[in-house]
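Each remark here refers to the structure printed beneath this line.
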Amino acid sequence: MTRKMNLAVGQLGPIQRADSRASVVERLCAMMHEAKGRGAEMIVFPEAALTSFFPRWYITDEEELDSYFEKEMPNPSIQPLFDLAARLGVGFNIGFGELTWEGGRKRRFNTSILVDRNGKVAGKYRKIHLPGHAEYEPDRPFQNLEKRYFEVGNLGFPVYEYEGHKVGMCICNDRRWPESWRVLGLNGAELVCMGYNTPITDPRTPQHSHLTSFHHLLSVQSGAYQNGMWVAAAAKAGTEEGWPLVGHSCIVAPTGEIVAMSNTVEDEVITATCDFDRISDIRDHIFNFRAHRQPQNYKIIAE
């Protein structure tokens, strides 16, 4: 008996600074309805899916900064999406800025959660590989102040039992680091959900602008293949506050093959049937960790 999941990715077009959370949630709900209509059991949404990507701005007012974060999840603004998930029987993965109090102090993380088909939170991940910089750099046309606004995630790379499958998460820049995929693979992930907000141009390396989509797909496809897992990657795409974000949301098989990919930079749903039995083709033969890994020779990567 095969193990399959009908999976959707909900790519978001741009969210402008003035757009309300309510308007964004309406868009997410519309994509969930479309995913359900295609028979999907789960839909993956992007990183920071409820607001414009605020780390591009230098924000000094604490109250303004806090307004981009979620203090609880779910909360009244996003509750309609949770309610719809339960009504339709469609689980989802979504990224957001998380504001929490831990250890007696305010903490901020770039966070992603899994929500099951009953509308209940089933897993959480906090972004580990934060790109960008911590101090304002006036020569940049836009900032990437993730290191200023977020702490490094403190949950590791957990894998959750989810609807009969083992599901993990990573976020945006995590995909560029092979260690992210390898730890998820070692933890048994069969599916990895990954949202991203990736500008087409990095002000420090404009000579790489034409390679942005190539590097994105290279990272996702190699992570899937080298660890024998399905990957669902959801973009925030299009021109957001004047700056273009790459699209190419995709679903990738354990062979590294792209089985579905977006062809716009707007709100778009893509779907594929993920056959989890295909994982054994890679894990039992090509990359059998137990039989072929030589961790005693890899110590330098962790020292």
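A quick note: this is a predicted structure, and the numbers were derived from the prediction, not measured.
Of the candidates Asp281, Ile282, Asp277, Ile286, Ile282 is the only one forming a side-chain contact (heavy atoms from CB on, under 4.5 Å) with Pro254. With Phe54 as reference, Tyr68 is the one residue of Phe142, Tyr68, Phe96 to meet the ring pair (Phe, Tyr, Trp, His ring centres under 6.0 Å) rule.
A cation-pi arrangement is not found for Arg182 relative to Trp177, the charged atom failing to lie both closer than 6.0 Å to the ring centre and inside a 45° cone about the ring normal. A cation-pi contact, defined as under 6.0 Å to the ring centre and within 45° of the axis, links Arg126 to Phe109.
A salt bridge links Lys127 to Glu47: at least one charged side-chain nitrogen sits closer than 4.0 Å to a carboxylate oxygen. Ion pairing between a basic and an acidic side chain is recognised when a charged N comes within 4.0 Å of a carboxylate O; Glu266 and Lys236 show no such pairing. Using a cut-off of 4.0 Å between Lys/Arg side-chain N and Asp/Glu carboxylate O, Glu137 and Arg204 are scored as salt-bridged. Ion pairing between a basic and an acidic side chain is recognised when a charged N comes within 4.0 Å of a carboxylate O; Glu190 and Arg278 show no such pairing. Under a 4.0 Å N-O distance rule, the pair Glu240/Arg56 qualifies as a salt bridge. For Lys71 and Asp66, the salt-bridge test fails: no basic side-chain N is under 4.0 Å from an acidic carboxylate O. At a threshold of 4.0 Å, the pair Arg108-Glu98 does not count as salt-bridged, since none of the basic side-chain nitrogens sits closer than that to a carboxylate oxygen. Salt-bridge formation is detected for the pair Glu62/Lys106: a Lys NZ or Arg NE/NH1/NH2 atom is positioned less than 4.0 Å from an Asp or Glu carboxylate oxygen.
Using modelled atom types, one side-chain atom of Arg27 and one backbone atom of Gly13 make a donor-acceptor pair closer than 3.5 Å. Looking only at distances, a side-chain donor or acceptor of Asp19 sits under 3.5 Å from a matching main-chain atom of Gln16. Although no hydrogens or angles enter the test, the distance criterion places no donor-acceptor pair under 3.5 Å between the side chain of Glu70 and the main chain of Gly97. Not one N or O on the side chain of Glu257 forms a donor-acceptor pair closer than 3.5 Å with the backbone of Ala253. Proximity of a side-chain donor or acceptor of Arg283 to a complementary backbone N or O of Gly228 within less than 3.5 Å is detected. Listed for the His165 side chain is no donor-acceptor partner under 3.5 Å among the backbone atoms of Leu191. Looking at His216, its side chain does come within 3.5 Å of a backbone N or O of His248 through a donor-acceptor pair. Remark: the backbone N or O of Gly256 is paired with a side-chain donor or acceptor of Gln221 at under 3.5 angstrom. For the pair Ser249 (side chain) and Ala234 (backbone), a donor-acceptor distance under 3.5 Å is absent.
For the pair Val152/Leu130, a side-chain contact is recorded, criterion being any heavy-atom separation below 4.5 Å from C-beta on. Residues Phe53 and Trp243 form no side-chain contact, since every pair of their non-hydrogen atoms from C-beta on lies 4.5 Å or further apart. Contact check for Arg3 versus Asp275: no side-chain heavy atoms found under the 4.5 Å cut-off. Considering only heavy atoms from C-beta on, Thr198 stays 4.5 Å or farther from His215 through its side chain. Contact of the Ile78 side chain with the Leu50 side chain is registered, since non-hydrogen atoms from C-beta on lie closer than 4.5 Å. Between Cys29 and Leu81, the closest side-chain pair of non-hydrogen atoms falls below 4.5 Å. Within the 4.5 Å cutoff, side-chain heavy atoms of Asp116 are placed close to those of Glu163. Looking at His133 and Lys147, their side chains never come closer than 4.5 Å, going by heavy atoms from C-beta outward.
By the criterion of side-chain heavy atoms lying less than 4.5 angstrom apart, applied directly or through intervening Ile, Leu, Val, Met, Phe, Trp or Tyr residues, Phe289 is not grouped with Ile301; the two fall into different hydrophobic clusters. Side-chain heavy atoms closer than 4.5 Å link hydrophobic residues (I, L, V, M, F, W, Y) into clusters, and following such links, possibly through other members, connects Leu114 to Ile251. Residues Val159 and Ile279 are members of one and the same hydrophobic cluster, defined by side-chain heavy-atom contacts under 4.5 angstrom among Ile, Leu, Val, Met, Phe, Trp and Tyr. Met42 and Val269 end up in different hydrophobic clusters when Ile, Leu, Val, Met, Phe, Trp and Tyr side chains are linked at under 4.5 Å. A chain of hydrophobic side-chain contacts below 4.5 Å, direct or via other Ile, Leu, Val, Met, Phe, Trp or Tyr residues, connects Val259 to Val167.
The number of heavy atoms from other shown groups lying within 6.0 Å of CD (Glu63) does not exceed 12.
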Evaluation steps, side-chain contact (heavy atoms from CB on, under 4.5 Å), between Val44 and Leu7: CA-CA 8 Å; Val44 178; Leu7 181 66; 4.3 Å; yes
Audit row: Asp174, Met194, side-chain contact (heavy atoms from CB on, under 4.5 Å) steps and yes/no: CA-CA 9 Å; Asp174 287 323; Met194 192 274 294; 6.0 Å; no
From CA spacing to verdict: side-chain contact (heavy atoms from CB on, under 4.5 Å), Thr201, His208: CA-CA 7 Å; Thr201 296; His208 291 174; over 6 Å; no
Met169 and Tyr160: CA distance, side-chain angles, deciding distance, side-chain contact (heavy atoms from CB on, under 4.5 Å) verdict: CA-CA 9 Å; Met169 293 165 276; Tyr160 298 94; 3.8 Å; yes
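Rounded to the nearest 0.5 Å, atoms OG1 (Thr111) and CD1 (Ile171) are 6.5 Å apart. With values rounded to the nearest 0.5 angstrom, Asp202 atom CG is found 8.0 Å from Ser209 atom OG. Taken to the nearest 0.5 Å, the CG atom of Leu217 stands 9.0 Å off from the CZ atom of Arg175. Separation of atoms CD (Glu64) and CH2 (Trp57) is listed at 9.0 Å; rounding is to 0.5 Å. Here the CD1-CG distance, from Ile94 to Leu12, works out to 7.5 Å after rounding to the nearest 0.5 Å. Between the OG1 atom of Thr239 and the CD1 atom of Ile200 there is a distance of 7.5 Å, given to the nearest 0.5 Å.
Side chain to side chain, Asn93 and Ser112 meet the donor-acceptor criterion of an N or O pair below 3.5 Å. Using modelled atom types, one finds no donor on one side chain facing an acceptor on the other under 3.5 Å when comparing Gln226 with Ser222. With 3.5 Å as the limit, one finds no donor-acceptor pair spanning the side chains of Arg117 and Tyr162. The closest side-chain donor-acceptor pair between Ser52 and Glu241, if any, does not fall under 3.5 angstrom. No hydrogens or angles considered: nothing links the side chains of Asn173 and His129 as a donor-acceptor pair under 3.5 Å. In this model, a donor atom of one side chain and an acceptor atom of the other lie less than 3.5 Å apart for Gln79 and Asp83.
Here the closest non-hydrogen pair linking Trp181 and Gly223 is CG-CA, 3.6 Å. Looking at every heavy atom in both residues, Met261 comes nearest to Ile258 through CB-CG2, 3.9 Å. The two residues Ala40 and Val90 have their closest heavy-atom pair at O-CG2, 3.6 Å. Nearest approach of Gly247 to Ser262, heavy atoms of both residues: C-OG, 4.3 Å. Across all their heavy atoms, Pro199 and Thr212 have their closest contact at O-CG2, 3.7 Å. Nearest heavy-atom pair across Ala49 and Val24 is O-CG1, 3.1 Å.
Note: Tyr125 and Phe157 have parallel aromatic rings, judged against thresholds of 30 and 60 degrees for the angle between ring planes. The aromatic rings of Phe287 and Tyr225 lie perpendicular to each other, with more than 60° between the two planes, well past the 30° mark.
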